[in-house]
A.B. asks: 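Just dropping this structure here.
Chain A is the first sequence line, chain B the second, and so forth, proteins listed ahead of strands; every chain is numbered from 1.
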2 protein chains.
Amino acid sequence: MARGQKIDHQELHTTILNVATQIIKDEGMKCLSIRKIAKKIGCAVGTLYNVFNSIDDIFLSINVATMTRLHKQLQQEAQGEPDPLAAMILLGRGYVAFSRDNYHLWSLLVDHKMQLGRTLPENVQGKIDDLFLLVSGMVAPLVSNDREKADQAAKVLWASLHGVCSLAMSGKLDTVKAEAADVLAESLVRNYLLGLQVK
Amino acid sequence: MARGQKIDHQELHTTILNVATQIIKDEGMKCLSIRKIAKKIGCAVGTLYNVFNSIDDIFLSINVATMTRLHKQLQQEAQGEPDPLAAMILLGRGYVAFSRDNYHLWSLLVDHKMQLGRTLPENVQGKIDDLFLLVSGMVAPLVSNDREKADQAAKVLWASLHGVCSLAMSGKLDTVKAEAADVLAESLVRNYLLGLQVK
DNA sequence: AAGTAGAATGAACACTGTTCATTAACAGGG
DNA sequence: CCCTGTTAATGAACAGTGTTCATTCTACTT
């Protein structure tokens, strides 16, 4: 890329994200480096810093995109199922499926951590909230639309689903393979929600 | 340390682990480096490689120690409670407390991943199994001592507890602070186990 | 045509884990 | 007591990492 050449800033932005996303899809986040992106694009490392403040910003942007896709997929997965419990089980299975089908991107999503002291940018937190609200809204009918109860249940379910996928993926659940994760997820969602309704 | 000087191999081993553990406790795993350990001990970097094969081996050794402590603490926490449900709730709270009180060490435990293709050493997998068996044994009385049911429930609970702590710690549960994690954990354990016993 | 603003550049810096030829200290034999 | 292995501590060197910034070149304005 010639010096001083004015290129479409927005275009470069998306190119960087596309290239970075592809590397992560193929090789995982540990194999992503600034120089690798620059080499694949055909520009200098410094150029990337004119578009993103740090490699962390690139990670965060990718995560926002991943969460947007996840949200859409979960919505589609559960929509049309009138029974709230059945819908929530579908959502659980959908989450497991997403984490399996997007292993490296999902790993980035859950493994990436802010450096100590820094908080999540609001657009990232917003996406988290969106996902949380999706779950909360689905749980509400099961707890007499008690907002507080629904929020707590949603937090428990969301975090638990995350835990099941997380341990299943990293092989830390002993003999549990990725295929079995959806069985665990269904057991989790069904029994937790049943338990909530006991008396 | 003078060249060629024969020092107690075992002593150096534990010294390295102690120093590394202290750094992680104070600053987190991202701040641990081979050179930092060497500097604090007062030896060369190469010396560390005579004792450990890689920095990953150091991480794994620390994780084994952490899991041993966690196992002991959970055992103490729940022992003496005759009611299985109440005992399991105690275990859940104990787990949350441990992750709160040992933030950096616990983070290392859950964040550390084998590089692709490599599997966990058997002593590490053994410690995971120990913890899992602890939970499985406690759940058994609640599912008519059905081994298979108990194993599945233990997997669900263990993974879910992990998820609750994980998201609570990283601030990804929105307004949920670390103090509230034990409330979520209790909700999780109680209602899941109640649900399991419905009908 | 000259001047200016802006961005692409890549060398440089301070780090990382890991390797390995060098070298110093010890142990045993003559 | 010296000499000779053997052993292990050493730290420079290597190939990486993210990040910075003075330089340089282009495109646009006056």
A.B. asks: Can a donor-acceptor pair be found between the side chains of B:Tyr192 and A:Ser187 at a distance below 3.5 Å?
C.D. replies: yes

A.B. asks: What class does the angle between the rings of A:His162 and A:Trp106 fall in, given that below 30° is parallel, 30 to 60° is tilted and above 60° is perpendicular?
C.D. replies: tilted

A.B. asks: For DNA chain D, determine which residues of residues 23-36 of chain A have any heavy atom closer than 4.0 angstrom to one of its atoms, and list them numerically.
C.D. replies: A:Leu32, A:Ser33, A:Ile34, A:Arg35

A.B. asks: Cut-off 3.5 Å, side chains only: do B:Tyr49 and B:Ser54 have a donor facing an acceptor?
C.D. replies: no

A.B. asks: Pairs in or reaching into residues 17-34 of chain B: which pass side chain to side chain donor-acceptor pair (under 3.5 Å), with residues at least two apart or in two chains?
C.D. replies: B:Gln22-B:Asp26, B:Glu27-B:Lys36

A.B. asks: My understanding is that only residues two or more places apart in sequence, or in another chain, count here; which of them pass ring-ring contact (aromatic ring centres under 6.0 Å, His included) with A:His71?
C.D. replies: none

A.B. asks: In terms of side-chain heavy atoms of A:Tyr49, which of C:dT18, C:dG10, D:dG18 is nearest?
C.D. replies: D:dG18

A.B. asks: Quick one: pull up CG in B:Leu91 and CG in B:Leu134 and give me the separation to the nearest 0.5 Å.
C.D. replies: 5.5 Å

A.B. asks: Which is more 5' along DNA chain D, the nucleotide nearest A:Val45 or the one nearest B:Val51? Just name the residue.
C.D. replies: B:Val51

A.B. asks: If you check every side-chain atom of A:Leu12, which of C:dT19, C:dA8, D:dT19 has the closest atom?
C.D. replies: C:dA8

A.B. asks: Sequence neighbours excluded, which residues qualify as ring-ring contact (aromatic ring centres under 6.0 Å, His included) partners of A:Phe52?
C.D. replies: A:His13

A.B. asks: Between B:Thr68 and B:Lys127, is there a side-chain donor-acceptor contact under 3.5 Å, judged purely by atom types and distance?
C.D. replies: yes

A.B. asks: With a 4.0 Å cut-off on N to O distance, would you call A:Arg93 and A:Glu186 a salt bridge?
C.D. replies: yes

A.B. asks: Would you work out how much the helix from C:dA1-D:dT30 to C:dG30-D:dC1 bends between its ends, with each end axis defined by five base pairs, to 10 degrees?
C.D. replies: 30°

A.B. asks: Check this for me, if you would: do B:Arg118 and B:Asp56 make a salt bridge, where the nitrogen-to-carboxylate-oxygen distance has to be below 4.0 angstrom?
C.D. replies: no

A.B. asks: What residues in residues 52-63 of chain B put a non-hydrogen atom under 4.0 Å from any atom of DNA chain D?
C.D. replies: none

A.B. asks: Does D:dA9 have OP1 or OP2 under 4.0 Å away from a side-chain N or O of B:Asn50?
C.D. replies: yes

